[in-house]
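For reference, the structure discussed in these notes is given below.
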Amino acid sequence: MTGIQEKYLPVIGLEIHSQLNTNTKAFCGCSAKHNSPPNTNVCPVCLGSPGALPVLNKKAVYLALKAGIALNCRINYKSVFARKNYFYPDLPKGYQITQYETPLCYDGSIEIPVQNNLKKRIGIERIHIEEDAGKSIHEISETETLLDFNRCGIPLIEIVTKPEINSPEEAAVLAKKIRRILTFLNICDGNMEEGSLRFDANISLKHRDKKEQYGKTEIKNLNSFKYLKDALNLEIQRQKYLIESENKIKHNTINYDATNKKIAVLRTKEEEEDYRYFPEPDLIPLTVTKELIAEIKNSIQELPEDKKERFLIQYQIPESKADILTRNKMICEYFENTINLLKIKNTEQFKNTANWIVREVIRELNESISKNIDDFPVKPKHLSSLLDILYTGKINIMTAKEVFRIMIQAKDEKEKDPEYIIKSHNFYQIQDESEIEDIIIGILKVYTEETNKYRSGEHKIEGFLIGKIMKLTEGRANPETVKKILKKIVFEVQSGI
Amino acid sequence: MKPVPRSLSEIRDLIKEGKITLPNLINSCLENIKSQKDLNAFISVFEKDAMQNAEIVQKKIIGGKAGKLAGLVISVKDVISVKDRLMTCGSKMLSNYTAPYNATAIERILKEDAIIIGKTNCDEFAMGSSNENSYFGAVRNPFDSKRVPGGSSGGSAVSVAAGMCTASLGSDTGGSVRQPASFCGITGLKVTYGRISRYGLTAFASSFDSIGILANDINDTAEILNCISGYDENDITSSKKPVRDYYKEIQKEINPKDIIIGYAKEAFETGIQDEIRETILLKLEELSKRGYRVKEISLPNTDYIIPVYYILTSAECSSNLSRYDGVRYGYRAELEATDGIEEMYTRTRSEGFGEEVKRRIMLGTYVLSSGYYEQYYKKAQKARQLIIKDFGNAFKKADYIITPTTPTTAFKISEKTDNPLEMYMSDILTVSANLAGLPAVSIPAGKDKNGLPVGLQITGKKFDEAGILRLAKYIL
């Protein structure tokens, strides 16, 4: 099989459909929210009532431009909307408003990592704005198709790459990277299960020696990276088989059945409709200013990949943590703000900060209602102070977690101050070893049987005794110190207990 | 026929003097609608609501708190949305369709206390020049009921001419306001593209469509225009240019010497009824005698006007009418259990649309098809630019262009139904204003030997509605 793989080079291009993170639809004021009851986010415009006219959502243009700039595209200062005409029950106007001859962005590029630490540049052909269609629901009734127009008119961008991808793995890496950029810049929520992000892939094979390029097919509507990769692998096998058996590869549309891991030919392109594109007369050409582009460029500054690289070098945090911290722009900011506010700045503290945010903050966030770090009750100011206190050893990690929980619940600013919480709850670690000694001696007197077992070599009793001691100190003793003193008393002092 | 005052100012005076009340007036209009049912001008009449509103507005007038259009009884072409009312567009396809919202123009006239008396008959989806293409039957000309009233706003023109209301809102894509106004002896204004919001006007050809005003009195035209024109955030193609006070503007004196009237010889050539040519030439002579400078101008691309117009409007209409598919509203063919979506579309659209609409959908689909797009649609777009340029050049030499509105006076019912091309030629003098997005008004200029009205058309520069209306008032 590898022999054949070497013989043919896959040539792949992706079309990435990404819903834009807007509050309202592309051409009307209806909410763009997901999961509303069917047909509640609709109006005469998105339902195609006679006489209704589209009005372009400026936020959609802003986000599309942001994607274009992040993907190094050139921008058409004047772009034109077009109508793509076809009949389908979930397309209320009988046409989709899209861009055809003059898209908003074109001629961009993106780099992906390939083997041997090398990078490969993939061209972006174009990015254009269009509206989503409604949903046809066939599952509820056997005899009828139900229609939900809530999705109808939600703004999308279609990112079209050049056919410069040469393996399913590269396609998946590229798709992941684009998703990361889109979610990081808040252009798209990236939710592939809900269809916010979906891929079409066109693929053909090229004979490496003969340089012959065979026919192309298009795989439609893939909504996971794995499906993308699996579907491409299957289609490569199918095309190879056709070539080897000297069959022509027809310009087919391919459907991937994820449940059965199978591909099926939907229709040939020749049977496909003529979309009769023409400029949308209800909209004026879209003009963007240099100022707007400059403003967007300014707002982007650093892309997730660059941020991650910088975090690795500047803060020496592990890659796995840097990866999580750079998935979301606001989390990045939270992390860096916390670092900047630390009084003790060294790589150990940077790692502590990264760990704390990844383990504690993000976990709390995922369980919260808003999921937005801006709404998170513990701000970088208090977190940095907590991390500093922890670093000095005045409290132990268990206490720090307790303090953090109190901070989350706290009602006002003062109650969120870890210094205040520690004082008012008397959380400071007992520094005086003789005080700990007294407590240990007291405990050993109560649990004489266990103490004897421990002394005679039943090591597992140690944990039990430490637990009792920690409980009595309300967690304020350092467990390591407790262990040290316990051993000393039990095994060295032989104080007649 | 019950006598009905011709203009808003007359109505206001009579009400103030206590000689009539607004409910009286509505009654007269309703009686005229009933007694002239054979003219078939209305598709729906808002008897009860009009009467109720009349009482409210009457009180407002007496109390001195009435809006600018209080006293005006308006009919609305059945392609413009009036909330919670049927809007059939003269089509079987929408014969059961209720509009869910008000068009911007409707919102604006209602705000000024106009009373809407009903929705008028028209050619199906505003496609036609005789008002014979309506699912609800042909409309007849009040001057001779064997003749057409013109189209597509035939019902609107008849409702004004026959005392069923004082003014009407129509739509003009290629002459659909001016041609019936001309055939029925009233004033019909088509505004600059974008002057009046299209929001709520059922689209026929989006880059040509405009709402127009039909009235007896040109002062009413100006007053209505004051209320309904201006930018609308729901129609991005509407213009932000400030609205002038057209009523005030047209009361101003004109110094004839300041004005150059263009005489386009192409508009007086073959195919123009002799009496029309003579009537309009006589008017030009009169103007010249009164001191206006009349200058010959040329519109060299006149031959392309009709083909370019029909290619582009049909292309846009084929797409605009795709939404009538039987899925969400309107007519749906009765289907067998075994029929699929294809059958639903085909049968619904075959049965729901009339012949002329289907002809244009097919023509439009054809000119947009791949392989023909460049040859027809793109070429026609280029030719449209040439025609716009012609007008640009003409308006360097003249301030206004005067032509007949139509090549003939009202023709007989069925006379041209078998010959669509001949029918299309009746728009030859009006479509160019739509191609170039210019304002144009048709006013009555006399009558032919059969007593049928002749219309004179004044075309102006973009957004010079004030100018053409002022000149029109002067000529009247």
Side-chain angles (χ1 to χ4, degrees), chain A residues 27-29 39 42-58 80-97 100-101 134 136 138 142-149 152 269 272-287, chain B residues 79-81 87 89 94 97 99-104 125 194 197-203 205-209 232-238 312 315-316 318-330 337 341-342 344-346 349 364-373 377-378 381:
Chain A
F27 300 109
C28 62
N39 298 311
V42 293
C43 74
V45 176
C46 58
L47 283 180
S49 300
L53 296 168
V55 176
L56 179 60
N57 181 338
K58 284 194 181 125
V80 175
F81 285 96
R83 290 186 184 176
K84 179 181 182 180
N85 294 284
Y86 64 97
F87 286 98
Y88 205 73
D90 59 25
L91 188 77
K93 298 189 294 293
Y95 55 84
Q96 177 196 33
I97 303 178
Y100 188 58
E101 283 180 353
S136 298
H138 307 285
E142 266 182 40
T143 50
E144 284 174 309
T145 297
L146 301 180
L147 294 163
D148 178 4
F149 292 103
C152 189
K269 277 271 178 183
E272 234 176 62
E273 287 173 83
D274 177 356
Y275 290 123
R276 292 174 282 119
Y277 287 98
F278 75 103
E280 163 60 291
D282 286 333
L283 290 166
I284 51 176
L286 168 59
T287 51
Chain B
V79 292
I80 300 172
S81 276
M87 179 169 71
C89 296
L94 292 181
Y97 174 74
Y101 66 100
N102 271 333
T104 302
F125 288 102
S197 166
R198 290 186 293 122
Y199 190 72
L201 166 64
T202 304
S206 311
S207 73
F208 293 76
D209 293 341
D232 173 16
E233 57 178 18
N234 288 324
D235 175 7
I236 206 67
T237 64
S238 67
L312 295 179
E316 290 184 16
S318 72
S319 173
N320 281 331
L321 269 62
S322 296
R323 66 189 63 196
Y324 309 114
D325 55 6
V327 173
R328 297 167 317 285
Y329 52 77
I341 187 74
E342 285 286 326
M344 184 178 101
Y345 285 147
T346 314
R349 289 168 65 81
T365 304
Y366 177 77
V367 299
L368 287 175
S369 307
S370 77
Y372 300 99
Y373 179 78
Y377 181 83
K378 275 237 154 150
Q381 283 293 20

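The sequence lines fix the lettering, A, B, ..., with proteins before strands; numbering per chain opens at 1. Because only heavy atoms are used, hydrogens play no part in the values below, and waters and symmetry mates are left out as well, while side chains stay in.
- Contact of A/L147 with chain B is made through the side chain alone, with heavy-atom distances under 4.5 Å.
- Listed for the B/E316 side chain is no donor-acceptor partner under 3.5 Å among the backbone atoms of A/P281.
- The part of B/E233 that comes within reach of chain A is its backbone (N, CA, C, O), which places non-hydrogen atoms under 4.5 angstrom from that chain.
- Using a 4.5 Å cut-off between heavy atoms, B/Y372 makes no contact with chain A at all.
- Every residue two or more places apart in sequence or in another chain was checked for a side chain to side chain donor-acceptor pair (under 3.5 Å) with B/N234, and none qualifies.
- Looking at A/P92, the atoms closer than 4.5 Å to chain B (heavy atoms on both sides) sit in the backbone and in the side chain alike.
- Side chain of A/N39 to main chain of A/F149: a donor-acceptor pair is present (N/O by atom type, distance under 3.5 Å, no hydrogens or angles).
- For a residue to count as touching a neighbouring chain, one of its non-hydrogen atoms must lie under 4.5 Å from one of that chain's; by this rule B/Y199 touches chain A with backbone and side chain alike.
- The main-chain N or O of B/A203 is never found under 3.5 Å from a side-chain atom of B/D209 such that the two would form a donor-acceptor pair.
- Only the side chain of B/I341 has a heavy atom closer than 4.5 Å to any heavy atom of chain A.
- Only the side chain of B/L94 has a heavy atom closer than 4.5 Å to any heavy atom of chain A.
- Heavy-atom distances place the side chain of B/S81, and not its backbone, under 4.5 Å from chain A.
- No side-chain donor-acceptor contact under 3.5 Å links B/D232 and B/S238.
- At a 4.5 Å heavy-atom cutoff, the contact between B/M87 and chain A is made by side-chain atoms alone.
- The closest side-chain heavy-atom distance from B/R198 to B/S206 is below 4.5 Å.
- Of the atoms belonging to B/R328, it is side-chain heavy atoms, and not backbone ones, that fall under 4.5 Å from chain A.
- For B/T365, the parts lying under 4.5 angstrom from a heavy atom of chain A are both the backbone and the side chain.
- Both the backbone and the side chain of B/N320 come within less than 4.5 Å of a heavy atom in chain A.
- When each of A/G29, A/S49, A/P44 is scored by its heavy-atom pairs under 4.5 Å with chain B, the top score falls to A/S49.
- Both the backbone and the side chain of A/D282 come within contact range of chain B, each with at least one heavy atom under 4.5 Å from a heavy atom of that chain.
- Between A/C152 and A/V42 the shortest side-chain heavy-atom distance does not fall below 4.5 Å.
- By the 6.0 Å contact criterion, OH on A/Y100 is open, its count of non-hydrogen atoms from other residues, nucleotides or ligands being 12 or less.
- For A/F278 and B/Y373, the ring centers sit 6.0 Å or farther from each other.
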